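To keep things clear, I will list the structure first and then write my remarks on it.
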Amino acid sequence: MESILLLAHTEADGALAKPALEALTAALELGGELTVGLVGGAVEAAASLAAAAGARRILAVAGEPFTQPRYATDAAAAEALARAAGSAIVLAPATARWARALPGVAYRLGGRIDTHATGLAARDGAPAVNRWFYRQRMEAVLTRTARPWIVLLDPGCFAPWSGTAAGSAQVEFIAVEAPQSRTTVTGVQAPKADEQTIRPDAKLLFVAGAGWTKKQPDGAVHVEEAQQLILGVLRGAQASLGGSKSLVDLSGEGQAVLPFMTHLNQVGQTGSTPRHPKGLSTCCHGEEPHVVGWRFVTERRAVNLDPNCGWSRGKADVVYVADAFAVVRELNRLLG
Ligand SMILES: Cc1cc2nc3c(=O)[nH]c(=O)nc-3n(C[C@H](O)[C@H](O)[C@H](O)COP(=O)(O)OP(=O)(O)OC[C@H]3O[C@@H](n4cnc5c(N)ncnc54)[C@H](O)[C@@H]3O)c2cc1C
């Protein structure tokens, strides 16, 4: 196997986040001589982990300017690490940070980049990369002759490396002058933990469709109760919230619907493709553009009043023909 550079940025506490540990597993499984390139404020803890995992060389660009996610500094750091390592293959987790900076780095290096890789295998001494096309409808296996070849690995596709660090590691620090930047990070604004509805690591993806806002058998809409029921499951099961396009569009049009539902929650062809062990779809018809977003949800269940809904045509493992209000009320009672 050709030589591999794994790029990883550390978190605020100096540790490596799960996507980086997954990419470490992917790099080790591929089997080439491994160099780990670290970027961040502090890199010592991550370096000893990389050493324990068997990295031959550990390179780092460290210091305050490289703490914050920012194109200019991340690209400068990654470019310097790639030049110092001289590896043919550069792997990195598809974090927001690397997804933004590495395409530009590929250009600077005269190399190539592929994004959204979901699998890697060795083929004739070189990597072969799995990637889905046309919104997860077709899977391809890609090889390339151009080098360096940067591959961004989608999170959730490899088991995170689970070894423990042993002692301190020998790190080669690369001096990089932070480029002039117009971007200054002045703080972080994040929702309170209990307002957070997108939880990529949750065991359950709970999806709400437009049915929650439709007239119910008594002839009235019950949006207020729908809100309480949905929030109840999210809290009780610590589930992540997905929405169908119809429902998030209603919210976007300013109608009084579900205030916590935004376009970021949308699952599907024009939305996201989350990876969770289980998914429960409620009040959602299961149309093809929605269902392609469920590609990587392992076990899928749906609740719909209509026995003819799209989910029942072989798209879900289990369809409950039932009133989602009643089902979720009972679910919350059990969770409570
Ligand atoms: C190019 C293109 C891209 C698209 N991309 C996406 C995408 O990324 N994501 C996406 O979601 N959609 C996408 N769509 C839209 C998609 O085709 C559907 O229109 C949409 O997903 C339907 O949403 P829905 O099931 O929530 O609403 P509806 O079709 O209105 O279905 C509501 C369902 O709720 C059920 N229901 C009502 N009350 C209850 C109750 N009490 N209990 C149980 N069930 C109940 C009804 O039986 C009905 O089946 C796209 C469409 C196009 C053309």
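Quick caveat, the model's predicted, so the values are computed rather than measured. First listed ligand is number 1; within each ligand, the first listed atom is number 1. Just the heavy atoms: all of them, side chains too, but no hydrogens, waters or symmetry mates, feed the values below.
- Using a 4.0 Å cut-off to heavy atoms of Gly271, the atoms of ligand 1 that qualify are 8 (O).
- There is no protein heavy atom closer than 4.0 angstrom to atom 53 (C) of ligand 1.
- Near Ala324, meaning under 4.0 Å from one of its heavy atoms, ligand 1 places the atoms 40 (C), 41 (N), 42 (N), 43 (C).
- Scanning the protein heavy atoms around atom 7 (C) of ligand 1, the nearest turns out to be Gln266 NE2, 3.0 Å.
- For atom 23 (O) of ligand 1, the closest non-hydrogen atom of the protein is Ser246 OG, 3.1 Å.
- Those atoms of ligand 1 that come under 4.0 Å of a heavy atom in Ser244, given as number and element, are 11 (O), 21 (O), 23 (O), 24 (P), 26 (O).
- Ligand 1 lies nowhere less than 4.0 angstrom from a heavy atom belonging to Gly293.
- The nearest protein atom to atom 21 (O) of ligand 1, hydrogens excluded, is given as His290 CB, 3.7 Å; this is a heavy-atom distance.
- The shortest contact between atom 13 (C) of ligand 1 and any protein heavy atom is with Lys245 CB, 3.5 Å.
- Between the side chain of Asn304 and the main chain of Trp311, no donor-acceptor pair closer than 3.5 Å is present.
- Proximity to Gly268 (heavy-atom distance under 4.0 Å) selects the following atoms of ligand 1: 7 (C), 8 (O), 9 (N).
- Nearest to atom 37 (C) of ligand 1 among the protein's heavy atoms is Gly211 CA, 3.6 Å.
- When Lys215, His263, Gln216, Glu287 are ranked by how near their heavy atoms come to atom 18 (C) of ligand 1, first place goes to Glu287.
- Evaluated by nearest non-hydrogen atom to atom 46 (C) of ligand 1, the leading choice among Asn304, Asp306, Val321, Leu305 is Asn304.
- Protein heavy atom at the shortest distance from atom 50 (C) of ligand 1 is Pro289 CB, 3.4 Å.
- In this structure, Leu247 does not count as a contact residue of ligand 1, since none of its heavy atoms falls inside 4.0 Å of the ligand.
- In this structure, Gly310 has no heavy atom closer than 4.0 Å to ligand 1.
- Judged by distance alone, with hydrogens and angles left aside, the side-chain atoms of Arg123 form no donor-acceptor pair with the main-chain N or O of Val129 at under 3.5 Å.
- When the side chains of ILVMFWY residues are joined at heavy-atom separations under 4.5 Å, either directly or via intervening members, Ile89 and Leu109 end up in two distinct hydrophobic clusters.
- The contact set between ligand 1 and Val267, taken as ligand atoms under 4.0 Å from a residue heavy atom, comprises 7 (C), 8 (O), 9 (N), 10 (C), 11 (O).
- Contact atoms of ligand 1 toward Gln269: 3 (C), 5 (N), 7 (C), 8 (O) (distance under 4.0 Å to a heavy atom of the residue).
- Ligand-side atoms of ligand 1 in range of Asp323: 40 (C), 41 (N), 42 (N), range being under 4.0 angstrom from any heavy atom.
- At a heavy-atom cutoff of 4.0 Å, ligand 1 is contacted by no atom of Glu288, backbone or side chain.
- The nearest heavy-atom contact from the protein to atom 31 (O) of ligand 1 is His285 CB, 3.6 Å.
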**Report entry** Test log, rule side chain to side chain donor-acceptor pair (under 3.5 Å), inputs Asp249 and His263
**Finding:** CA-CA 7 Å; Asp249 280 355; His263 281 96; 3.0 Å; yes
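- Looking at atom 33 (C) of ligand 1, its nearest protein heavy atom turns out to be Cys283 O, 3.6 Å.
- Smallest separation of non-hydrogen atoms from Gly32 and Ile4: N-CD1, 3.7 Å.
- Asp74 and Trp98 share no donor-acceptor pair across their side chains, judged by distance under 3.5 Å alone.
- Under a 4.0 Å criterion applied to the non-hydrogen atoms of Lys214, ligand 1 contributes the atoms 30 (O).
- The distance criterion of under 3.5 Å between nitrogen or oxygen atoms is not met by Phe325 with respect to ligand 1.
- Summarising the contacts of atom 6 (C) of ligand 1 with Thr270, Val327, Thr273, the nearest heavy atom is found in Thr270.
- In terms of modelled atom types and a separation under 3.5 Å, the side chain of Lys203 and the main chain of Pro277 share no donor-acceptor contact.
- Looking at Ala210 next to ligand 1, an N or O pair under 3.5 Å apart turns up.
- For the residue pair Gln266 / Thr270, a side-chain donor-acceptor distance below 3.5 Å is found, with atom types taken as modelled.
- The side-chain heavy atoms of Thr282 and Val207, taken from C-beta on, include no pair separated by under 4.5 Å.
- Ion pairing between a basic and an acidic side chain is recognised when a charged N comes within 4.0 Å of a carboxylate O; Asp201 and Lys18 show such pairing.
- Checked by atom type, the side-chain pair Glu33/Ser3 shows no donor-acceptor distance below 3.5 Å.
- Residues Leu34 and Leu6 are in side-chain contact: their nearest non-hydrogen atoms beyond the backbone lie under 4.5 Å apart.
- At a threshold of 4.0 Å, the pair Arg131-Asp154 does not count as salt-bridged, since none of the basic side-chain nitrogens sits closer than that to a carboxylate oxygen.
- Between Arg137 and Glu288, at least one side-chain N (NZ, or NE/NH1/NH2) sits under 4.0 Å from a carboxylate O, which counts as a salt bridge.
- Applying side chain to side chain contact (heavy atoms under 4.5 Å, CB included) to Leu264 and the options Leu241, Thr197, Ile198 leaves one that passes, Ile198.
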